[in-house]
Amino acid sequence: MNYRQRGALSLLWCAVIAAIVAAVAMVVLFSMGSGRNLLAEGTAYLQHSAAGQAADRAQAAAAALQGQNNKGGDGAVRKCTINGQVVYSNVDCRKDDPTSKVVEMHDTKGIEAPKAPPKSTEAAASADSLQQKAIDKAVDN
């Protein structure tokens, strides 16, 4: 009987793919050790090639097309009611919608560690004097 595997990834190709991934990982690690980033240099080289420039033009065209599909929005985030639900969006909420209100965005610092209370100088001075008294007492004995 012929038990040939069909339509699935064979063990040989799994080994080849694993070897390629390992080789890329080794290049990354060795380039990090020598202080260079070979993948970034390779990406920069490819971007300056003809194919890289064509890809940049395609991305710019896609961004322009996405701007045209914005349904006339001005990019401001608005709060509006759509189908009875409150929605925050810069695309779905239009200027002419009567329930639409512009929402101002504020950058925050996120979660900050609590600040330690300031140390009083009297406590520090008394601690130093207690330590000095203990040293003097130990020296005198």
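Sequence positions, counted from 1, serve as the residue numbers for this chain.
- Among residue pairs with one or both ends in residues 19-47, those qualifying as salt bridge (Lys or Arg N to Asp or Glu O under 4.0 Å) are R36-E41; sequence neighbours excluded.
- The salt bridge (Lys or Arg N to Asp or Glu O under 4.0 Å) pairs that include a residue from residues 17-32 number zero, where partners must be two or more places apart or lie in different chains.
- When the salt bridge (Lys or Arg N to Asp or Glu O under 4.0 Å) test is applied to D96, the partners found at least two apart in sequence or on another chain are R94.
- A76 and V102 make their closest contact through CB-CG1, 4.4 Å (heavy atoms, listed as atom of the first residue, atom of the second, distance).
- Distance OG/S34 to CZ/F30: 10.0 Å, rounded to 0.5 Å.
- Under a 4.5 Å side-chain heavy-atom cut-off, the cluster of Ile, Leu, Val, Met, Phe, Trp and Tyr residues that includes V27 is completed by L38.
- Here the straight-line distance linking atom CG of L29 with atom CE of M26 works out to 8.5 Å at 0.5 Å rounding.
- Between N90 and R78, the closest side-chain pair of non-hydrogen atoms is not below 4.5 Å.
- The CG atom of D136 lies 10.5 Å from the CD atom of Q131; values are rounded to the nearest 0.5 Å.
- Between S89 and C93, the shortest heavy-atom distance links the atoms O-CB, 4.0 Å.
- Under the rule for a side-chain hydrogen bond (donor to acceptor under 3.5 Å, both in side chains), Q53 has no partner lying at least two apart in sequence or in another chain.
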Please list every donor-acceptor pair under 3.5 Å in which a side-chain atom of residues 11-21 meets a protein atom from a residue at least two apart or in another chain.
none

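- Under a 3.5 Å cut-off, the side chain of T99 and the backbone N or O of T81 do form a donor-acceptor pair.
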